[in-house]
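The structure appears below as structure tokens.
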Amino acid sequence: MKQKEIKQKDNLDQQEKPVAKKIKKNEANPAEEYEVVETMLTADFYKAGVVELAQKLIGKIIVRQLPQGEVRAIIVETEAYKAPEDKACHAYNNKKTDRTKYFWQDGGHLYVYSIYGNNYCLNITAATKDDPEAVLIRAVQPLSFDIIKEIRKTKSTKVQDLSNGPGKCGGCLLLDKSHNGLNLCDQKSGMYLIDNKKQYEIGVSARINIDYAEEWKDKPWRFYVKNNSFVSKG
DNA sequence: GTTGGGATTATCT
DNA sequence: GATAATCCCAACG
């Protein structure tokens, strides 16, 4: 149904288009009232403990510069992973491998891991380099719609399928393991977060698909925007 | 060098 | 909602 609006105009006149207005046409629950602050979030923001940071990240806007243009999306779902004690965390018990070593960075860096083939999941480190903690970005709401559609190449007619899952978020942003360690506070990275003053109603639940984590699987460390259709199914 | 499973997704019925 | 796909990665030898 909405597919027609999605696939129209792949190029041409794509300058000066009001992004929020575009979303409004395509999504039943648009973020049309969001209030961007066009300043890169700095290292102080990411110094918070991982559970606090997971909450603070809800509503923030990810910006990534690509050859195709600038990708923007609102974070609508996160999960906190906190080693060494958290059995769900890849760095549980301070397990440090080639994959997990990126946990040991100051807050505001990326940890990207691959899973089930060509899926790359995006994490943002919290606290300091001595704290192996990171926030998994499980879902975002696209703002720069045309570019994301072009990048993701999904055949689905549901706009939500562009970004309602952790692997899909990595796909939207064209991330892979080469982006491990990227600094979100460094202007040269071409990727950063900006603030959004809109207040969202935030839901809390246990984390998803970590049944192996025993007593840690029930921790209320998942946060999401209530009534937002881009939140993952779980 | 081989193996087994995963913080998932796409594509069916 | 069920299942196949798909490949990286860590844990063995």
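Protein chains get the first letters and strands the later ones, always in sequence-line order, with residue 1 at the start of each.
A salt bridge links A:Arg72 to A:Glu38: one of the charged nitrogens lies within less than 4.0 Å of a carboxylate oxygen. Electrostatic pairing of A:Lys197 and A:Glu35 does not count as a salt bridge here, judged by no charged N lying under 4.0 Å from a carboxylate O. Looking at A:Asp161 and A:Lys155, no side-chain N of the basic residue comes within less than 4.0 Å of a carboxylate O on the acidic one, giving no salt bridge. With respect to the salt-bridge test (charged N to carboxylate O, under 4.0 angstrom), the residues A:Glu70 and A:Arg64 do not qualify.
Taking only side-chain atoms of A:Arg99, from C-beta outward, the nucleotide of B:dT9, C:dA10, B:dG6 with the closest atom is C:dA10. Ranking C:dA10, B:dA7, C:dC9 by closeness to the A:Ser114 side chain, first place goes to C:dC9. The side chain of A:Tyr81 lies closest to B:dA7, out of B:dA7, C:dC8, C:dC7. With distances taken from any side-chain atom of A:Lys168 to the nucleotides B:dA10, B:dA7, C:dC8, the minimum falls on B:dA10. Among B:dA7, B:dT11, B:dT9, the nucleotide with an atom closest to any side-chain atom of A:Lys155 is B:dT11. The side chain of A:Tyr116 lies closest to B:dG6 when the candidates are B:dG6, B:dA10, B:dT11. For A:Thr100, whose side chain is taken as the heavy atoms from C-beta onward, the closest listed nucleotide among B:dA7, C:dA10, B:dA10 is C:dA10.
Nucleotide B:dA7 holds its C1' atom 16 Å from the CZ atom of A:Phe223, rounded to whole Å. With rounding to whole Å, A:Asp98 atom CG is found 14 Å from C:dA11 atom C1'. Across the protein-nucleic acid pair, A:Ile210 atom CD1 and B:dT8 atom C1' stand 15 Å apart, rounded to whole Å. Put simply, NZ on A:Lys82 is 20 Å from P on B:dA7, counting in whole angstrom units. For A:Tyr212 and C:dA10, the OH to P distance is 13 Å, given to the nearest whole Å. Atoms NE2 (A:His90) and P (B:dG6) sit 10 Å apart, rounded to a whole Å. Taking atom OH of A:Tyr111 as the reference point, atom P of C:dC9 lies 9 Å away to the nearest angstrom. When rounded to the nearest whole Å, the span between CD of A:Glu79 and P of B:dA7 equals 11 Å.
Remark: A:Lys96 qualifies as a cation-pi partner of A:Trp104 under the 6.0 Å distance and 45° angle criteria applied to the six-membered ring.
Within the structure, every side-chain polar atom (N or O) of A:Asn119 is placed at least 4.0 Å from both OP1 and OP2 of C:dT6. One finds no side-chain N or O of A:Lys233 lying less than 4.0 angstrom from the OP1 or OP2 phosphate oxygen of B:dT8. The shortest distance between the side-chain N/O atoms of A:Arg222 and the OP1/OP2 oxygens of B:dA7 is not below 4.0 Å.
Contact annotation for A:Arg207: no contact, since no heavy-atom pair falls under 4.0 Å across all strands. The residue A:Asn123 sits close to a base: some heavy atom pair falls under 4.0 Å.
Pair assignment for B:dT8 gives C:dA5, based on Watson-Crick or G-U wobble hydrogen-bonding distances that are each under 3.5 Å.
Residues A:Lys95 and A:Tyr120 each lie close to DNA chain C; by heavy-atom proximity, the contact nearer the 5' end of the strand is made by A:Tyr120.
Judged purely by distance below 3.5 Å, without hydrogens or angles, the side chains of A:Glu79 and A:Tyr81 pair a donor atom with an acceptor atom.
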